[in-house]
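Notes follow once the structure below has been shown.
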Amino acid sequence: MKKKVMALVLGSVMVMGTLAGCGSSNTATETTEVTEEVAETEAAAETEEAEETEEAAEETAETEETATEEETMVEVGGDFPVSTKYAEYQLVDYYIAEMDETPVMVVARTEDQTEYQAHFNFFGDEQLLEFTVDGDTCEVTEDLTGFMAKDIDAIYAAIKESDNWQPVE
């Protein structure tokens with residue numbers, strides 16, 4: 001009985017192999033055609049992507065040129081200049097009780113008074129803090145050293161108290 005089962009299995013395997021071998025030349029031709037179509041499609045997609053990338057790079061370059069032309073830095077008498085993207089600036093003495101130090105911040109804000117930048121030296125490190133204001137709620141968008149964001153409410157209170165704004169010219 002085992003010999004009959006083995007003979008049937010072996011015979012089935014041989015027939016399947018023969019059928020697969022006969023159909024492989026036809027399948028190979030179809031596979032080649034499909035592969036060529038895929039290659040053509042991929043080449044077209046790569047060309048289109050390269051053109052889009054080039055267009056995006058040109059737009060970015062134009063935008064950067066415009067921003068560079070429009071935005072310049074203006075000396076205002078503090079340790080750091082102010083960008084002309086801001087409308088007003090003031091120098092603010094900010095007392096840091098933990099260190100018993102009072103650095104002078106160069107503070108700038110946009111015309112709509114929603115974007116602020118505080119730039120100062122503290123213990124020999126440049127500190128740059130950028131934040132937005134909505135009512136009395138401040139949200140830090142950049143903290144160069146990562147140490148000043150925790151004091152944003154106190155910094156904003158000192159800025160409001162100083163209220164000695166000058167136009168950026």
Ser162 vs Gln90, test: side chain to side chain donor-acceptor pair (under 3.5 Å). Steps then yes/no. CA-CA 8 Å; Ser162 177; Gln90 65 175 323; 2.8 Å; yes
Would you say Asp112 has more than 12 foreign heavy atoms packed within less than 6.0 Å of its CG? yes
Pairs in or reaching into residues 124-159: which pass ring-ring contact (aromatic ring centres under 6.0 Å, His included), with residues at least two apart or in two chains? Tyr116-Phe131, Tyr116-Tyr156
Glu98: partners by salt bridge (charged side-chain N to carboxylate O under 4.0 Å, His left out), with sequence neighbours left out: Lys150
Separation between CE of Met148 and CG of Leu128, rounded to the nearest 0.5 Å: 11.5 Å
Taking it one step at a time, do Thr132 and Glu115 satisfy side chain to side chain donor-acceptor pair (under 3.5 Å)? CA-CA 4 Å; Thr132 58; Glu115 295 179 44; over 6 Å; no
Taking side chain to side chain donor-acceptor pair (under 3.5 Å) as the definition, give me every residue that meets it alongside Asp136, ordered by chain and number, with sequence neighbours left out. Lys160
Taking the basic N atoms (NZ, or NE/NH1/NH2) and the acidic carboxylate oxygens, is any pair closer than 4.0 Å for Lys85 and Glu71? no
Find the distance between CG (Leu144) and CG (Leu129) and round it off to the nearest 0.5 Å. 9.5 Å
Let me confirm one number: the CD1-SG distance from Ile159 to Cys138, rounded to the nearest 0.5 Å. 8.0 Å
Pairwise distance OG1(Thr102) to CZ(Phe122) - rounded to 0.5 angstrom: 9.5 Å
Mind checking side chain to side chain donor-acceptor pair (under 3.5 Å) for Glu111 and listing every partner two or more places apart, or none if nothing turns up? none
Could you name each residue pair satisfying side-chain hydrogen bond (donor to acceptor under 3.5 Å, both in side chains) that touches residues 137-149, not counting sequence neighbours? Gln127-Thr145
With a cutoff of under 4.5 Å between side-chain heavy atoms, which Ile, Leu, Val, Met, Phe, Trp and Tyr residues group with Tyr89? Val74, Val76, Val82, Tyr86, Leu91, Val104, Val106, Val168
